[in-house]
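Data first, discussion second: the structure below is written as structure tokens.
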Amino acid sequence: MTKTAEMQKASRAWRRRGQTVALVPTMGALHDGHVALIRRAGKLADRVVVSAYVNPTQFTSRADYRQYPKRGAADVQRAREAGADVLFRPKSLYAKDASTWVEEVDLSRGRCGAKRAGHFRGVATVVMKLFGIVQPQVAVFGEKDKQQCEVIERMVRDLFCAVRIVQLPTIREKDGLPMSSRNLRLSPLERRVAGRWAKAVREASQAGAGRSVAKLKFLLRGLPGLRLEYVEVVEGQLYAAVYLGKIRLIDHRPCRRKS
Ligand code: PAF
């Protein structure tokens, strides 16, 4: 389904029949992490809508936006197999003269927000639009994007959105790399280095909050093609982002507490 009006109509019809609606917002290129979100959504509501929309306003680089992986037909099948009732693939969610934004100005400031000006404003705005169109009672997000989850929860609270936010733990590949559509763009060598970066984050988090930042910097030294963007501890969690070539990867882990 691509038409906003059709999506609104379908959702309204379900609700009139007393059925509940869950939304899983994605940017498409669905992977097993998304499948887990869709399955959980199916347990939380009668109807599941998966949105697949590469939202231009949350990208800080045009090239990154243009190169974001797209998997049209494969996404339709994956969503259906995972139990979605509708894969909503709007062409655009912005009128040419769109001039309304949703901006959270506290939780979106540090970590990824400090490095990607306007990113969380784009995310909050598009998620609000999706809530307006799909009218879900519940929306399911992956904890991989932890700061995004925090921003959305704050937005929902502050703007009195009648939707419950459910977060699912990060789903990882066998070598510990968080699943992400961006992983598809890694070369075989970059993919191997990505596994070592994920291992380094885990090891560094074991060093405890006070030492994990230094430990991660140490562990990442010499990994080919990898550039650390930031590493920070916030409320006992180690957060970091790196670039492997042009691909940006993020991860976070709870720091081990001293016993
Ligand atoms: O996490 C994502 O894929 C995106 O940021 C989201 C929530 C679908 C908004 O475009």
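The shown structure was predicted, so the numbers you read here are calculated from the model rather than taken from an experiment. Counting convention: from 1, in listed order, for ligands and their atoms alike.
- The distance from ligand 1 to the heavy atoms of Pro25 drops below 4.0 Å at these ligand atoms: 8 (C).
- Under the 4.5 Å side-chain criterion, counting only non-hydrogen atoms from C-beta, Asp64 is in contact with Arg182.
- Under a 4.0 Å criterion applied to the non-hydrogen atoms of Thr26, ligand 1 contributes the atoms 8 (C).
- The distance criterion of under 3.5 Å between nitrogen or oxygen atoms is met by Gln148 with respect to ligand 1.
- Side chains of Arg185 and Gln67: a donor on one and an acceptor on the other come within 3.5 Å.
- Listed by atom number, the atoms of ligand 1 under 4.0 Å from Val126 heavy atoms are 9 (C), 10 (O).
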With salt bridge (charged side-chain N to carboxylate O under 4.0 Å, His left out) as the test, would you mind laying out the steps for Lys146 and Glu235 before giving the verdict?
-> CA-CA 12 Å; Lys146 185 75 186 149; Glu235 292 182 3; over 6 Å; no

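- Classified by interplanar angle (parallel below 30°, tilted 30° to 60°, perpendicular above 60°), the ring pair Phe59/Tyr68 is perpendicular.
- Of the residues Arg196, Lys199, Arg191, the one that meets the salt bridge (Lys or Arg N to Asp or Glu O under 4.0 Å) test with Asp175 is Arg191.
- With respect to atom 10 (O) of ligand 1, the closest heavy atom belonging to the protein is Gln58 OE1, 2.6 Å.
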